Peer 1: 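Sharing a structure, written as structure tokens. Questions coming.
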There are 2 protein chains.
Amino acid sequence: MDAVDQLIAHLKESIPVTSEEAIGLRKHCSVVELRRRDVLLFAGETSKHMRFISKGCLRAYYMDSEAKEHIVQFGIEGWWINDLYSYLSQTPAKQFIQALEPSIVVQIQIEHLNQLFHEIPSLERFFRLKFEKAYVAFQERTMDAMSKTAEQRYLEFRSKYRNIEQRVPQYMVASYLGITPEFLSSLRKNIP
Amino acid sequence: MDAVDQLIAHLKESIPVTSEEAIGLRKHCSVVELRRRDVLLFAGETSKHMRFISKGCLRAYYMDSEAKEHIVQFGIEGWWINDLYSYLSQTPAKQFIQALEPSIVVQIQIEHLNQLFHEIPSLERFFRLKFEKAYVAFQERTMDAMSKTAEQRYLEFRSKYRNIEQRVPQYMVASYLGITPEFLSSLRKNIP
DNA sequence: CCTCTTTCTTAAGATACCTTAAGATTCATC
DNA sequence: GATGAATCTTAAGGTATCTTAAGAAAGAGG
């Protein structure tokens with residue numbers, strides 16, 4: 001099963017996809033192989049693709065005014081990763097997207113995707129739902145960031161994303177949680 | 001100029017609206033008057049309307065597991081307010097929406113709005129853009145909550161929303177910023 | 001206007017989280 | 001397998017923010 005097959009299988013979990021539609025889709029997909037540390041999208045560029053992770057692990061992060069990195073999102077096999085705002089509004093990205101492992105990503109250009117929305121109407125619904133989920137995830141994260149302790153946030157991260165915790169460096173988990181690596185280390189010491 | 005006129009004027013700032021379209025729109029709008037403290041949407045209910053504030057001031061907030069309130073959003077004249085996730089996914093709201101002053105809100109039922117999208121195509125674009133903005137606002141707020149001090153967040157709130165700061169109680173600003181009212185009070189003492 | 005409720009301030013002691021620095025461990029690559 | 005780079009831990013001292021409690025000020029509604 002190649003990378004695009006995986007994308008199609010992923011779509012089929014939520015919407016029906018006929019084999020003709022799959023063929024149409026395939027035409028508009030490009031597959032990118034990334035080495036560890038390769039950057040797929042630089043801040044300042046405009047995000048021109050929707051990106052599906054077929055293999056590997058990536059992060060989206062931005063740099064604050066003091067050049068500190070803050071991780072906005074991780075992504076692994078079967079997830080989408082993007083600077084969604086840049087993509088949707090076609091304005092320069094604030095985030096970088098970088099591979100943390102050797103990875104394979106399927107990309108669909110924005111023009112092609114918009115065209116596909118006409119050929120495969122349920123695809124538009126698929127992305128609307130994705131977007132709604134992304135929205136609510138951010139809303140929850142905002143509220144958590146403001147009302148929960150770092151320990152609570154870490155425990156929730158761990159139970160939600162065990163798999164991710166095991167494959168990214170701990171200091172990146174700290175960055176995702178908004179705390180220092182030292183503090184995360186000390187939290188971990190005091191947890192079973 | 002009545003409440004619906006205000007809504008139409010608001011739309012005209014972003015998209016063209018013909019007078020026939022305005023008439024069609026008007027049919028599907030209902031106007032709600034609220035007293036101070038009236039609740040427009042309860043957590044647990046499903047949000048069935050898009051809501052435009054024609055007059056007054058409201059807040060969207062949720063209650064955490066310890067019964068503490070956390071303000072997600074304020075809204076004043078010319079803003080939209082909703083539990084957007086509940087509205088979009090038609091699932092029970094986690095947030096309350098409550099008037100902080102006597103207010104007038106224009107509501108459009110979801111079925112009517114979806115129908116209006118066919119009659120006034122640019123309306124769909126209007127809401128897509130609104131939604132993108134809401135998304136990026138949350139993203140920024142998440143990152144701010146995790147990387148900036150309460151003082152920085154307060155100063156930014158103050159310069160962005162001077163008008164709101166002046167009409168809502170200070171402890172609600174604190175709740176919006178994710179800090180205690182006592183701490184906000186002490187921050188303010190040390191700022192010009 | 002008066003009164004009751006809501007909101008704001010102050011202060012002291014507690015806790016969460018950060019900074020710095022150094023050493024220990026693990027990992028990647030030759 | 002050796003070596004240098006990347007990552008993790010520990011610890012001490014500092015700062016940001018919270019909790020509690022009480023009184024002061026402001027505002028709402030009669």
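Worth knowing before you read on, the calculation uses all heavy atoms, side chains too, and leaves out hydrogens, waters and symmetry mates. Throughout, a chain's letter reflects where its sequence line sits, starting with A, and its residues are numbered from 1. This structure is a prediction, so every number in the text was calculated from the model and none was measured.
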Peer 1: Taking CD1 from Ile179(A) and P from dT19(C), how many angstroms apart are they, rounded to a whole number?
Peer 2: 12 Å
Peer 1: What orientation do His10(A) and Trp80(A) show, parallel under 30°, tilted 30 to 60°, or perpendicular over 60°?
Peer 2: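 If you compare the ring of His10(A) with that of Trp80(A), the planes turn out tilted.
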Peer 1: Roughly how many Å is it from CG in Leu177(A) to P in dC18(C), rounded to a whole number?
Peer 2: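 Answer to the nearest Å: 10 Å.
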Peer 1: Would you say the side-chain atoms of Ser47(A) pair up with the backbone N or O of Ser86(A), donor to acceptor, closer than 3.5 Å?
Peer 2: no
Peer 1: Describe the nucleic acid contact of Phe183(A) in one word from base, sugar-phosphate, nothing, applying a heavy-atom distance below 4.0 Å.
Peer 2: base
Peer 1: Output the rounded distance in Å from CZ (Arg153(B)) to C1' (dT17(D)).
Peer 2: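 Atom-to-atom, Arg153(B) to dT17(D), this comes out as 10 Å.
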Peer 1: Which nucleotide in the set dT9(C), dC18(C), dT17(D) lies at the smallest distance from any side-chain heavy atom of Thr180(A)?
Peer 2: dC18(C)
Peer 1: Between P on dA6(D) and CE on Met172(A), what's the gap in Å once rounded to a whole number?
Peer 2: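 Rounded to the whole Å, the gap is 11 Å.
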Peer 1: Picking from dA6(D), dT17(D), dC8(D), which would you name as closest to the side chain of Pro169(A)?
Peer 2: dC8(D)
Peer 1: Between Gln170(B) and dT9(C), is there a side-chain N or O to OP1/OP2 distance below 4.0 Å?
Peer 2: yes
Peer 1: Once you measure the plane-to-plane angle for Tyr135(B) and Phe131(A), does it fall in the parallel (<30°), tilted (30-60°) or perpendicular (>60°) bin?
Peer 2: tilted
Peer 1: Could you tell me the separation between the CD atom of Glu182(B) and the P atom of dT15(C), rounded to a whole number of Å?
Peer 2: 17 Å
Peer 1: Check the orientation of His28(A) and His112(A). Use parallel for under 30°, tilted for 30 to 60°, and perpendicular for over 60°.
Peer 2: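 Because their plane-to-plane angle lies in the 30° to 60° range, the rings of His28(A) and His112(A) count as tilted.
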Peer 1: I need the CG-P distance between Leu184(B) and dC8(C), as an integer number of Å.
Peer 2: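 After rounding, the reported distance stands at 9 Å.
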Peer 1: If Ile, Leu, Val, Met, Phe, Trp and Tyr residues are connected whenever their side-chain heavy atoms lie under 4.5 Å apart, and connections chain through other members, are Val136(A) and Leu88(B) in the same group?
Peer 2: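 No; Leu88(B) is not reachable from Val136(A) via cluster members.
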Peer 1: Using the closest heavy atom to pick a nucleotide of DNA chain D for each, name whichever of Ser185(A) or Met146(A) lands nearer the 5' end.
Peer 2: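 By nearest-heavy-atom nucleotide position, the 5'-most residue is Ser185(A).
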Peer 1: Looking at Lys68(A), does any N or O in its side chain come under 4.0 Å of the phosphate oxygens OP1/OP2 on dT19(C)?
Peer 2: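 Lys68(A) to dT19(C) OP1/OP2: side-chain N or O found under 4.0 Å.
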Peer 1: Whole angstroms only, please: what is the CD-P distance between Glu151(A) and dT17(D)?
Peer 2: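 Rounded to the whole Å, the gap is 20 Å.
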Peer 1: Nearest to the Tyr171(B) side chain among dT10(D), dC8(C), dC8(D), which nucleotide is it?
Peer 2: dC8(C)
Peer 1: For Ser186(B), answer base if it contacts any base atom (sugar-phosphate contacts may also be present), sugar-phosphate if it contacts only those atoms, and nothing otherwise; contact means non-hydrogen atoms under 4.0 Å.
Peer 2: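 It contacts nothing in the nucleic acid.
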Peer 1: Atom NZ of Lys189(B) and atom P of dT17(D): how far apart are they, to the nearest Å?
Peer 2: 16 Å
